[in-house]
Amino acid sequence: MVPLMSERLRTSLGPLTLANPFVNASGTYGYGVEYASFVDVARLGGVSVKGISLLPRPGNSPPRTCETSAGMLNSIGLANIGIDVFLAETLPQLRELGVTVIVNTFATSIEDFVELAARFDNETGIAALELNISCPNVHAGGMHFGVSGAAAAEVTGAVRAVTDLPLMVKLSPEAGDIGEVARGVESAGADMISMINTIRGMVIDVDRRRPMLGQKMGGMSGPAIKPLGVRMVYEVFQQVSIPIIGMGGIASLRDALEYLMAGATAVQVGTANYSEPGISLRLADELEAWCSERDLTVTDLVGCAQGD
Amino acid sequence: MVPLMSERLRTSLGPLTLANPFVNASGTYGYGVEYASFVDVARLGGVSVKGISLLPRPGNSPPRTCETSAGMLNSIGLANIGIDVFLAETLPQLRELGVTVIVNTFATSIEDFVELAARFDNETGIAALELNISCPNVHAGGMHFGVSGAAAAEVTGAVRAVTDLPLMVKLSPEAGDIGEVARGVESAGADMISMINTIRGMVIDVDRRRPMLGQKMGGMSGPAIKPLGVRMVYEVFQQVSIPIIGMGGIASLRDALEYLMAGATAVQVGTANYSEPGISLRLADELEAWCSERDLTVTDLVGCAQGD
Amino acid sequence: MKYLHTRITEVTYPARDHALLRFAAAAEDIPAVPGEFVMIRGDWGCHPVLPRAFSLVESGAHGAVLVKAIGPGTQLLESMKVDDELVVFGALGKGYRIDDSGLRPVLVAGGVGVAPLLFLARELAARGQRPLFLYGAGTEHDLPLADEIAEVAELIITTEDGSVGEQGLITAPLQRALQDGADSIVYTCGPNGMLKAVAGVSQSHNTPCQVALEAPMACGMGTCKGCAVPIPDGSFKYVCYDGPVFDAEVIYGAADE
Amino acid sequence: MKYLHTRITEVTYPARDHALLRFAAAAEDIPAVPGEFVMIRGDWGCHPVLPRAFSLVESGAHGAVLVKAIGPGTQLLESMKVDDELVVFGALGKGYRIDDSGLRPVLVAGGVGVAPLLFLARELAARGQRPLFLYGAGTEHDLPLADEIAEVAELIITTEDGSVGEQGLITAPLQRALQDGADSIVYTCGPNGMLKAVAGVSQSHNTPCQVALEAPMACGMGTCKGCAVPIPDGSFKYVCYDGPVFDAEVIYGAADE
Ligand SMILES: Cc1cc2nc3c(=O)[nH]c(=O)nc-3n(C[C@H](O)[C@H](O)[C@H](O)COP(=O)(O)OP(=O)(O)OC[C@H]3O[C@@H](n4cnc5c(N)ncnc54)[C@H](O)[C@@H]3O)c2cc1C
Ligand SMILES: Cc1cc2nc3c(=O)[nH]c(=O)nc-3n(C[C@H](O)[C@H](O)[C@H](O)COP(=O)(O)OP(=O)(O)OC[C@H]3O[C@@H](n4cnc5c(N)ncnc54)[C@H](O)[C@@H]3O)c2cc1C
Ligand SMILES: Cc1cc2nc3c(=O)[nH]c(=O)nc-3n(C[C@H](O)[C@H](O)[C@H](O)COP(=O)(O)O)c2cc1C
Ligand SMILES: Cc1cc2nc3c(=O)[nH]c(=O)nc-3n(C[C@H](O)[C@H](O)[C@H](O)COP(=O)(O)O)c2cc1C
Ligand code: FES
Ligand code: FES
């Protein structure tokens with residue numbers, strides 16, 4: 001078992017240092033506390049909590065998930081408890097458990113993103129703030145900030161102005177030019193980039209002759225999208241100098257290594273949590289073994305497939 | 001076996017009528033003639049030949065293909081025999097075989113696209129011209145035309161001016177707004193849209209710590225991308241009135257039905273040809289049976305999952 | 001609640017396309033009440049990605065689930081062999097709340113809905129009750145575990161094609177049973193359409209009814225928010241943690257709604 | 001050339017992680033010369049998507065291929081059973097051009113490279129020749145079909161760990177064989193590194209050498225342009241239709257290059 005702080009696995013993302021590079025991805029691990037009875041959540045690199053908005057959200061009409069070849073679609077619609085309940089009830093539990101908490105936030109306007117950030121800025125026990133400017137599952141706003149460099153920079157800059165928390169901005173693979181968006185958020189003061197969010201897809205139920213999901217479209221995640229995520233991390237690594245947290249389809253040590261070698265300094269694990277809620281810790285153990293066989297550290301791996 | 005002209009399966013795409021909706025996708029079926037000894041290629045809805053350029057192209061440095069979860073990457077680099085050899089040697093064979101020929105063309109400048117179109121315009125035995133403005137595997141040009149509505153419209157309009165052939169423009173899933181590109185090519189005189197081309201991905205060989213492909217990135221195809229293709233066809237169907245030929249990951253009757261119900265008037269089958277070079281004819285037979293059980297025609301299915 | 005990397009210890013085939021999988025699980029690992037379920041995934045690579053939900057057929061030193069092969073995940077599970085690896089995660093959800101006020105238990109199963117109800121029937125038998133068990137299916141091949149049920153309950157079978165038991169739907173014997181005047185409670189599990197019909201019949205006899213729902217699931221434990229079902233007041237319930245067993249009125253509304 | 005929807009008729013396991021699959025194919029369906037190959041895919045859903053290339057081990061009323069499980073596709077094939085469905089497509093490519101000028105045949109196999117060379121050895125035996133067969137592997141478990149070879153050829157085995165035969169690489173007995181002065185021709189198949197070494201030794205003895213290459217393939221028949229290998233003049237050869245068997249100079253250049 002990896003000790004809480006293995007020298008090999010420790011990874012530094014500017015103002016944020018993680019004990020190991022495995023963070024559980026937002027929306028796929030609830031608020032983290034649900035798993036505490038059987039996963040040692042304090043040993044995780046971190047937990048990015050389900051996207052939090054100012055008001056609680058009930059979510060979209062069902063069905064909300066369906067499967068695709070080596071992947072899944074979801075149209076949850078950011079169902080969440082809202083910031084008040086999160087601060088009053090959940091955050092204290094996370095502090096108690098010793099979890100490295102990344103607060104993923106979601107809003108449909110710059111003002112709301114700013115208000116969320118300002119309120120989180122006053123709290124203790126938050127390791128970083130992650131702005132979800134790229135969720136495909138809401139009608140108003142949401143992804144719009146994530147598909148242009150200027151819009152992404154604007155929201156990032158506004159949030160940067162009100163918080164000293166390490167600031168991570170989560171990019172959408174649907175941007176026509178993801179490098180431009182990455183440069184935009186870097187120039188506006190983001191400390192880190194996380195990528196990729198889901199990409200919208202549709203499955204049609206040919207018996208009913210209707211889209212399978214209640215919302216028709218949903219965000220695709222899982223192994224099917226891994227080559228997109230790795231490619232985009234590889235591209236963005238060449239265009240920014242802030243650290244990248246890579247994700248999309250990670251389900252094995254090799255998958256995580258691909259992201260690190262492409263240029264990610266840490267990774268997030270999403271869909272794979274559903275089949276194995278402790279997968280991140282297993283992969284951390286496997287990475288420790290892999291690195292020590294080769295006498296390498298995680299830092300040695302970051303971006304090592306770049307070049308030539 | 002489906003007769004050459006089944007009333008149920010016949011599908012009309014403006015100036016082009018196909019005996020059945022199954023066309024083999026460019027780059028995945030060579031020039032069609034290679035299969036004639038064991039597949040009744042005249043019975044196919046059509047064959048979109050490997051992308052043809054003015055000069056022959058040797059292709060990219062290997063490895064050129066690798067696999068991904070439920071998909072594959074290719075970085076062939078449009079290796080092809082060039083228009084001269086195609087016209088002198090291949091097209092006469094295709095005419096002889098009675099194949100419904102869709103000529104897929106590729107160029108890096110508008111002038112070259114126009115020259116290709118003008119030369120094909122003089123030939124007999126070509127059912128339609130397909131402009132590949134969306135190939136991710138070439139350094140110069142290529143996809144650039146496919147990611148903006150204005151650029152796509154410009155090349156479409158220039159080609160339209162020199163040919164009366166039914167004109168199909170093939171869209172890239174990497175456009176930030178594929179609907180805008182679709183509207184652009186429609187307004188510039190395209191008769192049909194084919195979609196989607198591949199989306200760029202990367203696989204890293206973690207043992208060698210280098211990208212698996214010689215070109216590092218390649219276009220992803222196969223079942224993994226089907227939900228993207230279906231979603232985009234569904235979206236574009238609402239924004240244009242010219243017919244759409246859907247593709248991306250079709251490997252079964254249900255897959256083809258999803259595309260038709262999303263709004264495609266015909267489909268192309270790509271990667272699945274590799275495992276079963278006669279798959280399109282098998283699916284045509286299955287579609288005939290499916291439709292006749294329900295007393296439906298292909299036309300009844302087109303876009304039937306839209307609405308509500 | 002636990003997740004186990006475990007192995008299949010026994011496979012039997014109680015009916016065509018059905019497998020009963022038993023896997024190693026220490027008694028304390030999966031304590032369960034009838035109606036609770038587990039999420040299971042085999043070591044089958046990248047497709048399908050999500051685990052599948054199965055009701056526990058029993059609790060104890062080994063977990064056991066009944067799998068009906070209907071799609072890619074269940075086909076893979078149905079074809080698994082002794083010693084194959086499984087990741088099993090559970091027990092999850094809220095099971096049947098067993099009445100202890102003396103009502104006569106009437107269990108109504110459709111198809112694989114038999115799994116949690118066999119477990120329940122055995123629990124009731126252990127408490128000295130012999131429940132009435134109404135078991136409906138399309139045809140004779142879709143009646144796994146009928147013999148096991150007959151050991152602990154009074155069994156009435158219906159098939160739509162009449163190949164075994166009464167021809168027709170399970171609501172017919174249910175009507176008769178509830179008409180006989182005994183104060184009853186209905187516990188049911190099966191296809192959503194059947195559940196609604198069973199709830200309707202129960203309601204018309206003022207008989208309490210607990211239904212076990214299905215919904216597509218990802219996490220199985222309340223974190224993904226995938227398994228929402230809309231309820232009459234316009235809000236949502238989550239099958240995996242508010243249920244899968246609900247009082248019928250919660251889902252379908254009270255009689256006058 | 002044909003594609004067949006066929007079934008497995010026999011499976012044997014000639015070595016650990018190796019399966020010899022035989023499938024129904026009328027004699028006229030797959031006529032082949034040694035070195036030709038088939039593309040095979042099972043009925044395993046969406047992953048992996050591409051068929052896999054395998055050298056034919058024999059021609060005749062049944063096709064047969066030797067599969068070594070090294071990744072997802074070969075693992076699925078290796079675990080297949082009699083009656084499982086296969087799509088088989090072939091015979092494809094250009095096989096060995098068998099010398100008929102009287103040169104002594106020396107066959108050099110590494111690992112599963114044994115498959116086409118067993119076929120070749122049997123062809124040669126049918127023509128009344130008894131070839132020299134050099135068979136190298138890492139260890140004793142990686143020597144499938146050695147007994148079959150011994151029936152038709154003079155067999156010399158090397159293993160890197162010395163567990164069977166001579167310890168070392170296959171190039172050592174090849175050096176010895178080519179030094180004995182007889183005019184020989186080398187036919188080889190195995191990992192790319194070994195092929196290059198074998199070609200080098202052959203060239204240093206002015207012995208003609210035919211190598212059977214591997215490359216990642218999609219179509220197997222010249223249409224996808226995936227299986228390119230660069231050759232010394234800067235152009236490409238395509239393994240699936242220019243090869244898989246090439247004269248060694250075509251791939252590695254002539255001695256003075
Ligand atoms: C709480 C719970 C308990 C269950 N207990 C059992 C059990 O004991 N035995 C058993 O055989 N099955 C049980 N199921 C159903 C089982 O989970 C599904 O059959 C399985 O997920 C189907 O997976 P698949 O990959 O084979 O098919 P898929 O391809 O996923 O589905 C095939 C068909 O079933 C539909 N479907 C898939 N999953 C569900 C679902 N969860 N609810 C409703 N429809 C669905 C799909 O829309 C499709 O039409 C239970 C489900 C739930 C939610
Ligand atoms: C003409 C030809 C004949 C062949 N004959 C045989 C045979 O008789 N018996 C046999 O067992 N195998 C044979 N092979 C190799 C076989 O096709 C591969 O082992 C198989 O494709 C691997 O598939 P996989 O899904 O198991 O592994 P993958 O995951 O595809 O690959 C596992 C590893 O092998 C590498 N690899 C994959 N395919 C190839 C390839 N075609 N060439 C080189 N490296 C590759 C990958 O990069 C990876 O490192 C032959 C290949 C060719 C091209
Ligand atoms: C059910 C579900 C819900 C999600 N909710 C959120 C969310 O609230 N906020 C967010 O930033 N990303 C959300 N995501 C996206 C994931 O965090 C992640 O970016 C994506 O799933 C790709 O990673 P994966 O392939 O490992 O799942 C969600 C994903 C899934 C599957
Ligand atoms: C090996 C390969 C080569 C391709 N070459 C071309 C091409 O020359 N021109 C083109 O327009 N599309 C080309 N494509 C894209 C396909 O025509 C198709 O758009 C894509 O593969 C998605 O369909 P599929 O998932 O069914 O394969 C190629 C695809 C593959 C796999
Ligand atoms: S399945 Fe995830 S909340 Fe119910
Ligand atoms: S494998 Fe397609 S050209 Fe060789």
Side-chain angles (χ1 to χ4, degrees), chain A residues 66-73 136 147-148 173-178 180 199-212 216-220 222-235 249 251 253-262 290 301 304-308, chain B residues 66-73 136 147-148 173-178 180 199-212 216-220 222-235 249 251 253-262 290 301 304-308:
Chain A
C66 73
E67 291 196 56
T68 67
S69 295
M72 66 175 283
L73 300 185
V147 294
S148 107
E174 295 202 24
D177 180 351
I178 198 168
E180 190 228 340
I199 180 164
R200 283 172 308 146
M202 182 185 280
V203 171
I204 288 175
D205 180 336
V206 300
D207 300 318
R208 287 174 41 243
R209 302 184 207 168
R210 282 288 170 274
M212 199 72 98
K216 298 175 181 169
M217 297 173 190
M220 187 155 90
I225 70 167
K226 191 187 64 177
L228 298 187
V230 171
R231 183 263 291 180
M232 288 180 182
V233 166
Y234 189 95
E235 283 179 331
L253 176 63
R254 292 182 84 89
D255 299 334
L257 288 170
E258 283 196 64
Y259 274 99
L260 295 171
M261 291 176 180
W290 194 92
L301 297 176
C304 73
Q306 296 270 348
D308 290 349
Chain B
C66 72
E67 291 196 54
T68 67
S69 296
M72 67 175 284
L73 301 185
V147 295
S148 106
E174 296 203 21
D177 180 351
I178 196 167
E180 190 228 341
I199 181 164
R200 283 172 308 147
M202 180 184 280
V203 171
I204 288 175
D205 180 337
V206 300
D207 300 317
R208 288 174 41 245
R209 302 184 208 169
R210 283 287 171 273
M212 199 71 97
K216 298 175 181 167
M217 295 172 192
M220 188 154 90
I225 70 167
K226 191 188 64 177
L228 299 187
V230 171
R231 183 262 292 181
M232 289 179 183
V233 167
Y234 188 95
E235 283 179 329
L253 175 63
R254 292 183 83 89
D255 299 334
L257 287 170
E258 284 196 64
Y259 274 99
L260 295 171
M261 292 177 180
W290 194 92
L301 297 176
C304 73
Q306 297 270 349
D308 292 350

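Only this structure's heavy atoms are used, side chains among them; waters, hydrogens and symmetry mates stay out. Numbered from 1 within each chain, the chains take letters A, B, ... in sequence-line order.
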Provide the closest heavy-atom pair for [X] versus [Y] in the form atom of the first, atom of the second, distance.
{"X": "B:Met220", "Y": "A:Ala224", "answer": "CE-O, 3.3 Å"}
{"X": "A:Pro211", "Y": "B:Ala305", "answer": "CD-O, 3.5 Å"}
{"X": "B:Met261", "Y": "A:Val206", "answer": "CE-O, 3.4 Å"}
{"X": "B:Arg200", "Y": "A:Leu228", "answer": "O-CD2, 3.3 Å"}
{"X": "A:Ile204", "Y": "B:Glu258", "answer": "N-OE1, 2.7 Å"}

Apply side-chain contact (heavy atoms from CB on, under 4.5 Å) to B:Glu174 and A:Ile178, showing your working. CA-CA 10 Å; B:Glu174 296 203 21; A:Ile178 198 168; over 6 Å; no

Kindly indicate, with the supporting measurements, whether the criterion side-chain contact (heavy atoms from CB on, under 4.5 Å) is fulfilled by B:Met202 and A:Glu235. CA-CA 10 Å; B:Met202 180 184 280; A:Glu235 283 179 331; over 6 Å; no

Which one of B:Gln306, B:Lys226, B:Lys216 has the most heavy-atom pairs closer than 4.5 Å to chain A? B:Lys216

Any sub-3.5 Å donor-acceptor pair from B:Arg231's side-chain atoms to A:Ile199's backbone N or O? no

Is there side-chain contact between A:Cys304 and B:Arg209, with at least one heavy-atom pair below 4.5 Å? yes

